[in-house]
Amino acid sequence: MRIAVIGGGPGGLYFAYLWKKRHPDAEIDLFEQNAAGATWGFGVVFSEQALDFLRADDPETVDAIAPQMESWKNITLNLRGESVEIDGVGFSSIGRLKLLTILQQRVRSVGVTPRFDTVVQSVDQLSGYDLIVAADGLNSMARRNFESALGASVSQSTNKFAWYGTTKTFATLSQTFVKTDRGSFNAHHYRYAKDMSTFLVECDTETWSAYGFADKTIEESQAICEQVFAASLDGHPLISNKSVWRNFPWIWNERWSHGNVVLIGDALHSAHFSIGSGTRLAIEDAIALTKALEAEDGIAAALERYESERKPIVKKLVTAARTSADWYEHFPEHMKLDLMDFAYSYITRSGRIDIARLRAMSPAFMARYDAAKGQA
């Protein structure tokens, strides 16, 4: 089988690696429009059991990635100069470029040579392939080519965000909420290497307008954000990498394939950065697609199986992500709560954690919460 993979992000790379490893005779061409060492953003974050879903089938890749990850057990919330830790909510992180480099090495180890700096402008260019895997991200060319047939929908959250890095490292995944005389900001920050952290700044449209960010250069916006979060940064600078203000895009497709073209990862669906699952979802899509192709004799049947088995799982997580994002759309209002009510509102925002689960998961936090509420 001849397979074309469009996009050299985690999902595209992992699918190419996995299929070629299991089917050495397959012909796979992977096309990536950017250079091998180019990426947007800084670190990516996974839940505590980040790679458990890979270990049973692919321990070698886990062993390549795991030593490069930073891990922690708690979340820290900072509000009005006070802090609270929520225990039992562990995460791991890795630099996005480091992850891509490891996956590029895995792909090459099975005999696939990615074609970097190669733009595929239309799926018509790939007419000789049996299967086209579109892993070409949020702005997917393949999705736009078949938007109507796929039942594609694209919308945006109202909040603005800019994705920075910093040399200040943080003990845990942290959220810092700051109110200024012109509005409210939130920063999502966590270390992804011994000497680097992601520092994603978010604000609502009113704050964004009040600061005149629409007319500011990247450097001017960066300087304002450094000033707003000076206490958190502790003298460290923010670092830009295409750190322009953006609205988070919501991507969803009712149908996951058209003809021999199938979508995976951000080309297919997006999950808000507040739940940190985009990279994992893309890799899990690649695994699910591989297993569906192996389970069916024909490509059409395999693509139907991929969608029918995977879609309910993704839909559940995307629904939770939307609920989480809705909380952030109103975070200035939540900031009016006292610290413990704010923290409780935050940790239960997606609807996946109720009070019983929270008591089992985060006993230290709930003890402090009960004491604050006079329930001890």
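Here the structure is a predicted model, which is why all the values come from computation and not from measurement.
- Remark: Arg349 is positioned above the aromatic ring of Tyr346, its terminal NZ or CZ atom under 6.0 angstrom from the ring centre and at most 45 degrees off the axis.
- With sequence neighbours left out, the side-chain contact (heavy atoms from CB on, under 4.5 Å) criterion links Thr348 to Tyr344, Leu358.
- Of the possible polar contacts, one joining the Arg143 side chain to the Leu138 backbone as a donor-acceptor pair under 3.5 Å is found.
- Figure legend: cation-pi geometry between Arg2 and Tyr129, with NZ or CZ positioned under 6.0 Å from the six-membered ring centre and within 45° of its axis.
- In terms of the side chain to side chain donor-acceptor pair (under 3.5 Å) criterion, residue partners of Ser83 (sequence neighbours excluded) are, by chain and number, Asn78.
- Considering only residues two or more places apart in sequence or on other chains, Glu220 meets the salt bridge (charged side-chain N to carboxylate O under 4.0 Å, His left out) condition with none of them.
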Pair Leu293-Trp19, side-chain contact (heavy atoms from CB on, under 4.5 Å): steps then yes or no | CA-CA 10 Å; Leu293 288 165; Trp19 189 261; 3.6 Å; yes
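- The pair Glu254-Lys311 meets the salt-bridge criterion, with a side-chain N (NZ, NE, NH1 or NH2) lying under 4.0 Å from an Asp/Glu carboxylate O.
- Salt bridge annotation for Asp338-Lys373: present, with a cationic side-chain nitrogen under 4.0 angstrom from a carboxylate oxygen.
- Using a 4.0 Å cut-off between charged side-chain N and carboxylate O, Lys291 and Glu309 make no salt bridge.
- Look at Asp285 and Arg280 and you find no salt bridge, because none of the NZ, NE, NH1 or NH2 atoms lies under 4.0 Å from a carboxylate O.
- The distance from atom CD of Gln33 to atom CD of Gln121, rounded to the nearest 0.5 Å, is 10.0 Å.
- Taking 4.0 Å as the cut-off between side-chain N and carboxylate O, Arg22 and Glu294 count as a salt-bridged pair.
- A perpendicular orientation is assigned to the rings of Phe185 and Phe229, their planes being inclined by more than 60° (bins at 30° and 60°).
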Are Lys21 and Glu60 close enough, and set up right, to give a salt bridge (Lys or Arg N to Asp or Glu O under 4.0 Å), and what steps lead you there?
-> CA-CA 12 Å; Lys21 180 185 178 185; Glu60 295 90 352; 3.4 Å; yes
Determine, stepwise, if the pair Ile94 / Val44 fulfils side-chain contact (heavy atoms from CB on, under 4.5 Å).
-> CA-CA 6 Å; Ile94 187 171; Val44 294; 3.7 Å; yes
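- Ion pairing of Arg182 with Glu206 is absent here, as no side-chain N (NZ or NE/NH1/NH2) approaches a carboxylate O to less than 4.0 Å.
- Every residue two or more places apart in sequence or in another chain was checked for a salt bridge (charged side-chain N to carboxylate O under 4.0 Å, His left out) with Glu82, and none qualifies.
- By the 6.0 Å and 45° rule, Arg191 does not stack over the aromatic ring of Phe170.
- Ion pairing between a basic and an acidic side chain is recognised when a charged N comes within 4.0 Å of a carboxylate O; Lys73 and Asp87 show no such pairing.
- A ring pair (Phe, Tyr, Trp, His ring centres under 6.0 Å) with His188 holds for exactly one of Phe177, Trp163, Phe273, Phe331; it is Phe273.
- Other cluster members for Phe116: none, since no ILVMFWY side-chain heavy atom sits under 4.5 Å from it.
- Taken from CD in Glu85 to OG1 in Thr172, the straight-line distance is 5.5 Å, to the nearest 0.5 Å.
- In this structure, Arg322 is positioned above the aromatic face of Trp250, its NZ or CZ under 6.0 Å from the six-membered ring centre and within 45° of the axis.
- Checking Thr207 against Asp204 by side-chain atom types alone, a donor-acceptor pair falls below 3.5 Å.
- Counting heavy atoms from C-beta on, the side chains of Asn159 and Phe248 never come closer than 4.5 Å.
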When the side chains of residues 9-16 are checked against the rest of the protein, which donor-acceptor pairs come out under 3.5 Å, sequence neighbours left out?
{"residue": "Tyr14", "atom": "OH", "partner": "Asp58", "partner atom": "OD2", "Å": "2.5"}

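- Atom CD of Gln156 is surrounded by more than 12 heavy atoms from other residues, nucleotides or ligands within 6.0 Å.
- Ala267 and Asn253 get closest at one heavy-atom pair: O-ND2, 3.4 Å.
- The cationic atom of Lys160 (NZ for Lys, CZ for Arg) lies less than 6.0 Å from the six-membered ring centre of Trp208 and within 45° of the ring axis.
- Between Phe199 and Phe42, a ring centre-to-centre spacing not shorter than 6.0 Å is recorded.
- A 6.0 Å sphere centred on CG of Asp354 holds more than 12 heavy atoms belonging to other residues, nucleotides or ligands.
- For Trp327 and Phe342, the ring centers are positioned less than 6.0 Å apart.
- Checked for salt-bridge contact, Lys336 and Glu333 meet the test: a charged N lies under 4.0 Å from a carboxylate O.
- Contact of the Trp72 side chain with the Leu173 side chain is registered, since non-hydrogen atoms from C-beta on lie closer than 4.5 Å.
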Test log, rule side-chain hydrogen bond (donor to acceptor under 3.5 Å, both in side chains), inputs Tyr211 and Thr180 | CA-CA 11 Å; Tyr211 275 86; Thr180 74; 2.7 Å; yes
I would like to know whether Ile132 and Ile6 meet side-chain contact (heavy atoms from CB on, under 4.5 Å); could you show each step before the answer?
-> CA-CA 7 Å; Ile132 299 169; Ile6 312 171; 3.7 Å; yes
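- The aromatic rings of His269 and Trp252 are tilted relative to each other, their planes meeting at an angle between 30° and 60°.
- Pairing each heavy atom of Ile264 with each of Tyr306, the nearest pair is CG2-OH, 3.3 Å.
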